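Worksheet: one structure, shown below.
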Amino acid sequence: MERIRNYTILLLIIFLFGCSNESLLLVGNKLIETEATGMLSRILVENGISGEYVLLISKDGLGVLLRAADFKEIVIHKKNNWYTTSKILPPTANIKNLSKICIFSKNDIQAYNQGKKYLLSAFQIYLQNMEFQGESARESHFIKKYKLVEKDDFLEADSIFYQNKKIKMEYLKNKIGWER
């Protein structure tokens, strides 16, 4: 009986600590979960991702927009939570509780609203659901800060297509990691 209780406690500890280690989401034309740390530019290359801009998004909805030239200046760390640091960029680029890195990518989502067709990417959907908070600069580096805002519909659309197939809103939210 003592042995079963010890195994149960061990399994509970493994479950609790195993579930608390969330992966970092890379959101672009595909959704990638990663455990990689280090320079942002290296993490993107290792995952076969390229883009002109990224949005670093924290769990509380704070977003920082970076240009490709600044990718090598951001370092991704994990110690209890994901976070970023930079010695070169403005302090605004240091994000605590990082949850997503949203990469500017090709427009692969077709949304129709009142008969008009819109081509979108996950990056554009996130950005259109954010409110501009301000801009910071250090030397020649400029960082724009945003905040996710609560809306009834994160995307106004009568119908949505992805890879020429009609999809539901819930599928799109899952595809771009919206709920995480």
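No experiment lies behind these values; they were computed from the predicted model shown.
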From [X] [atom1] over to [Y] [atom2], what is the distance, rounded to the nearest 0.5 angstrom?
X      : Y      : atom1 : atom2 : value
Ile101 : Ile32  : CD1   : CD1   : 10.5 Å
Leu66  : Lys144 : CG    : NZ    : 12.0 Å
Lys175 : Glu170 : NZ    : CD    : 15.0 Å
Leu55  : Leu127 : CG    : CG    : 5.5 Å

Tell me if a side-chain donor or acceptor on [X] pairs with a main-chain N or O of [Y] at a distance below 3.5 Å.
X      : Y      : value
Asn129 : Val149 : no
Gln124 : Ser121 : yes
Ser99  : Ile57  : yes
Arg42  : Thr37  : yes
Lys72  : Ala69  : yes

Flag the pair [X] / [Y] as yes when at least one side-chain heavy-atom distance between them is below 4.5 Å, and no otherwise.
X      : Y      : value
Leu44  : Ile103 : yes
Ile43  : Ile49  : no
Lys145 : Leu62  : yes
Glu33  : Leu31  : no
Ser41  : Met39  : yes
Met130 : Lys147 : no

Exercise. Could you list all the salt bridge (charged side-chain N to carboxylate O under 4.0 Å, His left out) pairs where at least one residue sits in residues 155-167, not counting sequence neighbours?
Key: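 Checked against salt bridge (charged side-chain N to carboxylate O under 4.0 Å, His left out) - neighbours excluded - no pair reaches residues 155-167.
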
Practice problem: Scan residues 130-142 for pairs that pass salt bridge (charged side-chain N to carboxylate O under 4.0 Å, His left out), counting only residues two or more places apart or in two chains. | Solution: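 Non-adjacent pairs meeting salt bridge (charged side-chain N to carboxylate O under 4.0 Å, His left out): zero.
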
With sequence neighbours left out, write down each residue that passes side chain to side chain donor-acceptor pair (under 3.5 Å) with [X], or none if nothing qualifies.
X      : result
Asp108 : Asn29
Asp70  : His141
Asn174 : none

Please give me the minimum heavy-atom distance between [X] and [Y], naming the atom from each residue.
X     : Y      : result
Gly28 : Ala122 : O-CB, 4.0 Å
Phe71 : Gly51  : CE1-O, 3.5 Å
Ser23 : Trp82  : C-NE1, 3.7 Å

Quiz item: Linking I/L/V/M/F/W/Y whenever their side-chain heavy atoms sit closer than 4.5 Å, directly or via other members, would Ile109 and Met169 fall into one cluster?
Solution: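 Yes, same cluster.
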
Self-check item: ILVMFWY cluster, Ile176 and Leu148 together (side-chain gap under 4.5 Å)
Solution: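 Yes, one cluster joins them.
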
Self-check item: ring-ring contact (aromatic ring centres under 6.0 Å, His included) contacts in which one or both residues fall within residues 91-123, not counting sequence neighbours
Solution: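 Every ring-ring contact (aromatic ring centres under 6.0 Å, His included) pair that includes a residue of residues 91-123, provided the two are not neighbours, is Phe104-Phe123, Tyr112-Phe161.
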
Practice problem: Sequence neighbours left out, what passes ring pair (Phe, Tyr, Trp, His ring centres under 6.0 Å) with Tyr146? Give chain and number order. | Solution: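 Counting only residues at least two positions away or on another chain, Tyr146 forms a ring pair (Phe, Tyr, Trp, His ring centres under 6.0 Å) with Phe132.
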
Just jot down the side chain to side chain contact (heavy atoms under 4.5 Å, CB included) partners of [X], sequence neighbours excluded, or say none.
X      : value
Thr34  : Leu24, Leu26, Ala36, Asn47
Tyr83  : His77, Lys79, Thr85
Thr84  : Leu56, Ile74, Ile76, Ile95, Leu98
Ile167 : Ile160, Tyr162, Tyr171, Leu172

Practice problem: Consider only side-chain N and O atoms of Ser86 and Glu73, and report whether a donor and an acceptor are under 3.5 Å apart. | Solution: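 No.
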
Quiz item: Tell me the side-chain hydrogen bond (donor to acceptor under 3.5 Å, both in side chains) pairs involving residues 49-64, sequence neighbours left out?
Solution: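 Listed by first then second residue: Ser58-Asp60.
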
Quiz item: Do Thr92 and Val64 pass the side-chain contact (heavy atoms from CB on, under 4.5 Å) test, and can you show the C-alpha distance, the side-chain angles, and the key distance before you say yes or no?
Solution: CA-CA 7 Å; Thr92 308; Val64 174; 4.3 Å; yes

